[in-house]
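Only a predicted model underlies this, so the values are computations on that prediction, with no experimental measurement involved.
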Amino acid sequence: QVQLVESGGGLVQAGGSLRLSCAASGRTFSSYTMGWFRQAPGKEREFVGALNWSGGSTYYADSVKGRFTISRDNAKNTVDLQMNSLKPEDTAVYYCAARRSLYGSRRPREYDYWGQGTQVTVSA
């Protein structure tokens, strides 16, 4: 069992930066692939990025590539999402997710555990 708690959301102006953090419980955190997803009002949950167990492989949605960076610290059981050059269309609730696999996935249904989400609002 893994419990995930996100933090770091808030209100930022377009062009600004935010860093989200996800704290995970569980002794096997290092064996999980970690992902970030987001969901805007009236829209489906969409993939943002993922990081495999070692941090050696990362995957990003085209919409955030070059602006967002995922990192993890297996010793601290944390995974972060650094968001730069934010745009109003990045406004959403951001979720951290864990997948019992060594490999990443862009599909929400392939993740086993989810955090409660943190709101990110980017003003124009």
Side-chain angles (χ1 to χ4, degrees):
Q1 187 78 8
V2 175
Q3 292 184 326
L4 305 172
V5 179
E6 301 97 335
S7 62
L11 173 64
V12 64
Q13 289 187 331
S17 299
L18 277 177
R19 188 177 184 89
L20 306 183
S21 186
C22 175
S25 65
R27 291 176 292 177
T28 59
F29 172 77
S30 61
S31 63
Y32 286 75
T33 285
M34 300 301 296
W36 284 95
F37 292 79
R38 66 187 182 186
Q39 189 166 17
K43 295 188 176 181
E44 293 186 352
R45 191 165 299 189
E46 67 170 354
F47 173 77
V48 173
L51 184 64
N52 78 329
W53 69 277
S54 69
S57 295
T58 53
Y59 318 81
Y60 295 99
D62 289 342
S63 59
V64 307
K65 200 172 294 183
R67 300 188 297 123
F68 290 12
T69 303
I70 298 176
S71 60
R72 69 188 293 166
D73 186 334
N74 287 339
K76 296 181 179 179
N77 281 11
T78 59
V79 58
D80 291 347
L81 179 66
Q82 177 66 43
M83 306 185 293
N84 298 328
S85 302
L86 283 161
K87 305 174 181 180
E89 51 264 44
D90 294 319
T91 295
V93 177
Y94 282 71
Y95 297 90
C96 172
R99 180 174 189 237
R100 284 192 302 259
S101 171
L102 299 180
Y103 305 103
S105 171
R106 298 172 184 265
R107 302 183 181 91
R109 65 176 182 270
E110 294 187 356
Y111 286 76
D112 303 290
Y113 303 102
W114 291 85
Q116 82 289 351
T118 185
Q119 176 70 46
V120 171
T121 303
V122 184
S123 63

Closest contact, heavy atoms only, [X] versus [Y]:
X     : Y      : answer
Asn84 : Ser17  : OD1-OG, 2.9 Å
Cys96 : Leu4   : O-CD1, 3.6 Å
Thr78 : Ala23  : CG2-CA, 4.4 Å
Gly8  : Leu18  : O-CD2, 3.9 Å
Ala14 : Ala124 : CB-CA, 4.4 Å
Thr91 : Gln119 : CG2-NE2, 4.0 Å

For the [atom1] atom of [X] and the [atom2] atom of [Y], what is their distance to the nearest 0.5 Å?
X      : Y      : atom1 : atom2 : value
Tyr59  : Ile70  : OH    : CD1   : 11.0 Å
Leu51  : Trp36  : CG    : CH2   : 11.5 Å
Arg67  : Leu86  : CZ    : CG    : 6.5 Å
Glu6   : Gln116 : CD    : CD    : 4.5 Å
Thr58  : Lys65  : OG1   : NZ    : 9.5 Å
Tyr103 : Glu110 : OH    : CD    : 14.0 Å

Taking Tyr94's backbone N and O only, do any of them form a donor-acceptor pair with Thr118's side chain (distance below 3.5 Å, no angle check)?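 Judged by distance alone, no pair lies under 3.5 Å.
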Linking I/L/V/M/F/W/Y whenever their side-chain heavy atoms sit closer than 4.5 Å, directly or via other members, would [X] and [Y] fall into one cluster?
X     : Y      : answer
Val93 : Val120 : no
Val12 : Leu81  : yes
Val48 : Tyr60  : yes

Side chain to side chain, Leu20 and Tyr95, heavy atoms closer than 4.5 Å: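 No - every pair of side-chain heavy atoms lies 4.5 Å or more apart.
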Pairing donors with acceptors under 3.5 angstrom, does anything connect the side chains of Tyr111 and Arg99?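 Their side chains do not contain a donor-acceptor pair, so the 3.5 Å distance test is not met.
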Whether the Gln82 and Asp80 side chains hold a donor-acceptor pair (N or O, under 3.5 Å, no angle test) is what I'd like checked.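 Not at all, the side chains of Gln82 and Asp80 share no donor-acceptor pair under 3.5 Å.
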Please determine whether a side-chain nitrogen of the Lys or Arg among Asp90 and Lys87 lies less than 4.0 Å from a carboxylate oxygen of the Asp or Glu.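 Between Lys87 and Asp90 there is no salt bridge, as every charged N stays at least 4.0 Å from the carboxylate O atoms.
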Between Ser63 and Arg38, does a side chain to side chain contact (heavy atoms under 4.5 Å, CB included) hold up when you go through it step by step? CA-CA 12 Å; Ser63 59; Arg38 66 187 182 186; 3.5 Å; yes
Applying side chain to side chain contact (heavy atoms under 4.5 Å, CB included) between Tyr113 and each of Arg100, Gln3, Met34, report the one that passes.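 Of the listed options, the one satisfying the test is Arg100.
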Check the surroundings of atom CD in Glu89: do more than 12 heavy atoms from other residues, nucleotides or ligands lie under 6.0 Å from it?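 Correct, the count exceeds 12.
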Classify the ring geometry of Phe37 against Phe47: parallel below 30°, tilted from 30° to 60°, perpendicular beyond 60°.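 Aromatic pair Phe37/Phe47 classed perpendicular.
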